[in-house]
Amino acid sequence: MTAPVFVVDAVPGAGTFVLEGPEGRHAVSVKRLQAGEELVLTDGRGRWAECVVRETEGKDRLTVEVTGEHEEPAEEPRITVVQALPKGDRGELAVETMTETGVDAIVPWAASRCITQWRGDRGLKALAKWRATAREAGKQSRRTRFPEVAEPMTTKQVAQLLATADFAAVLHEDRAHPSGALATAELPAKGSVVLVVGPEGGVSPEELAAFEAAGAKPYRLGRSVLRTSTAGTAATALVLGRTGRWG
């Protein structure tokens with residue numbers, strides 16, 4: 001088992017550091033870390049430090065010694081998943097599994113066929129949940145660079161994002177519409193890959209046309225149709241394997 005990960009605003013340098021607050025409580029009361037055990041402190045943006053617990057105090061405070069500092073470079077190609085808003089808690093499920101798999105960025109998308117719509121306070125709360133889920137899943141999967149969860153985008157904004165990608169794909173299951181196999185697509189070794197996952201009702205013809213005009217092509221994952229909450233994870237895993245990031 002690799003050392004557990006805890007998030008700090010700024011990664012400390014050599015010497016001792018006191019971890020307290022919610023992260024300290026999790027380390028002491030949930031993980032029950034003891035003197036001599038190892039842990040990792042990260043800012044979630046690629047900087048991290050190896051640490052050893054020196055002592056604990058109460059239920060939410062421990063002192064650690066920093067034994068090594070590191071900077072994890074951003075991997076290439078950068079993988080972004082544009083995720084149509086699923087129903088219920090399936091959005092958090094999608095964010096959690098994509099984070100564990102290794103996605104670099106997630107963009108919430110208000111597709112025309114989405115049943116769920118983010119408006120006002122509800123939208124702010126939903127976005128906060130997605131970001132909190134990415135953070136917790138990043139810690140759980142021992143990542144030191146967590147995926148960015150962007151502000152929600154409209155179809156027009158998604159098209160603009162696709163136009164800047166080195167490889168852009170719309171995961172589309174309509175057998176009446178020609179599509180290529182993502183498993184055999186020519187992928188870049190560097191740059192950016194953007195994958196669009198539609199809602200349960202699928203990508204509308206108008207959205208598909210807008211994305212194709214921006215340079216994105218329709219692709220399929222296989223013979224079966226995946227739910228919107230799992231398609232992004234499957235596509236990310238496929239791209240990670242084919243580009244050598246999973247090695």
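Here the straight-line distance linking atom CD1 of I79 with atom OG1 of T243 works out to 5.5 Å at 0.5 Å rounding. To the nearest 0.5 angstrom, L162 atom CG is 10.0 Å from T80 atom OG1. Of the inter-residue distances, the one linking E20 atom CD with D60 atom CG reads 7.5 Å to the nearest 0.5 angstrom. A distance of 13.0 Å separates OG1 of T99 from CZ of R135, quoted to the nearest 0.5 Å. Rounding to the nearest 0.5 Å places CD of E71 at 5.5 Å from CZ of R47. In this structure, the separation between CG on L171 and CG on L226 is 9.0 Å, given to the nearest 0.5 Å.
R113 contributes no side-chain N or O that, together with a main-chain N or O of P199, makes up a donor-acceptor pair within less than 3.5 Å. No donor-acceptor pair closer than 3.5 Å links the side chain of R25 to the backbone N or O of R61. In this structure, R54 contributes its side chain and T63 its backbone to no donor-acceptor pair below 3.5 Å. A donor-acceptor pair under 3.5 Å links the side-chain atoms of T67 to the main chain of E50, judged by distance alone. At distances below 3.5 Å, at least one donor-acceptor pair connects side-chain atoms of E207 with backbone N or O atoms of S112.
For Q140, the CD atom counts as loosely surrounded, since its 6.0 Å shell holds 12 or fewer non-hydrogen atoms of other residues, nucleotides or ligands. Atom CD of E38 has 12 or fewer heavy atoms from other residues, nucleotides or ligands within 6.0 Å. In L124, the CG atom is crowded: over 12 heavy atoms of neighbouring residues, nucleotides or ligands sit closer than 6.0 Å.
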What do the steps show when you test E148 against R78 for salt bridge (Lys or Arg N to Asp or Glu O under 4.0 Å), and what is the final call?
CA-CA 11 Å; E148 301 170 17; R78 175 181 170 85; 3.3 Å; yes
Could you walk me through whether H172 and L208 pass the side chain to side chain contact (heavy atoms under 4.5 Å, CB included) test, one step at a time?
CA-CA 9 Å; H172 194 55; L208 189 59; 3.7 Å; yes
V103/T101 under side chain to side chain contact (heavy atoms under 4.5 Å, CB included): CA gap, chis, key distance, verdict:
CA-CA 6 Å; V103 74; T101 303; over 6 Å; no
Test ring pair (Phe, Tyr, Trp, His ring centres under 6.0 Å) on F146 and W48 and set out the steps.
CA-CA 12 Å; F146 303 161; W48 60 284; over 10 Å; no
Mind running side chain to side chain contact (heavy atoms under 4.5 Å, CB included) on F211 and T155 for me, showing each step along the way?
CA-CA 8 Å; F211 295 160; T155 295; 3.8 Å; yes
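The two residues F167 and E186 have their closest heavy-atom pair at CD1-O, 3.6 Å. Between T164 and S192, the shortest heavy-atom contact is O-OG, 4.0 Å. In this structure, T228 and A84 approach most closely via the heavy-atom pair OG1-O, 4.1 Å. The shortest heavy-atom contact between L39 and F6 is CB-CE1, 4.0 Å. Pairing each heavy atom of G191 with each of D166, the nearest pair is CA-OD2, 3.1 Å. When every heavy atom of A150 is checked against every heavy atom of V107, the shortest pair comes out as CB-CG2, 4.1 Å.
Counting only heavy atoms from C-beta outward, the side chains of E37 and K31 never approach each other to under 4.5 Å. In this structure the side chain of V82 reaches within 4.5 angstrom of the side chain of L161, judged on heavy atoms. Proximity of W130 to L85: side-chain heavy atoms (C-beta onward) are separated by under 4.5 Å at one or more points. Here the side chains of L33 and T56 are not in contact, with every heavy-atom distance at 4.5 Å or above. Residues T236 and V81 meet the side-chain proximity criterion, which asks for heavy atoms closer than 4.5 Å. A heavy-atom distance below 4.5 Å is found between the side chains of P218 and E212. Looking at E151 and L127, their side chains come closer than 4.5 Å, going by heavy atoms from C-beta outward. Side-chain contact between R227 and E200 is present, with at least one heavy-atom pair separated by less than 4.5 Å.
E72 and T144 share a donor-acceptor pair across their side chains, judged by distance under 3.5 Å alone. Between the side chains of T97 and T233, a donor-acceptor pair is found at a separation under 3.5 Å.
A side chain to side chain donor-acceptor pair (under 3.5 Å) with S229 is found for one member of E96, R90, Q83 and no other, namely R90. In summary, of the residues considered (D43, V40, V66), a side-chain contact (heavy atoms from CB on, under 4.5 Å) with V11 occurs for D43 alone. The only option from R245, R145, R45 that meets the salt bridge (charged side-chain N to carboxylate O under 4.0 Å, His left out) definition with D104 turns out to be R245.
Hydrophobic clustering, with ILVMFWY side chains joined whenever heavy atoms are under 4.5 angstrom apart, groups V28 together with L41. The cluster map of Ile, Leu, Val, Met, Phe, Trp and Tyr, joined by side-chain heavy atoms under 4.5 Å apart, puts Y219 and V194 in different clusters. The hydrophobic clustering, which links ILVMFWY residues whose side-chain heavy atoms are closer than 4.5 Å, places V95 and V158 apart. Under a hydrophobic-cluster definition in which Ile, Leu, Val, Met, Phe, Trp and Tyr are linked whenever side-chain heavy atoms come within less than 4.5 Å, directly or via other members, I106 and W118 are assigned to the same cluster. M98 and L93 end up in different hydrophobic clusters when Ile, Leu, Val, Met, Phe, Trp and Tyr side chains are linked at under 4.5 Å.
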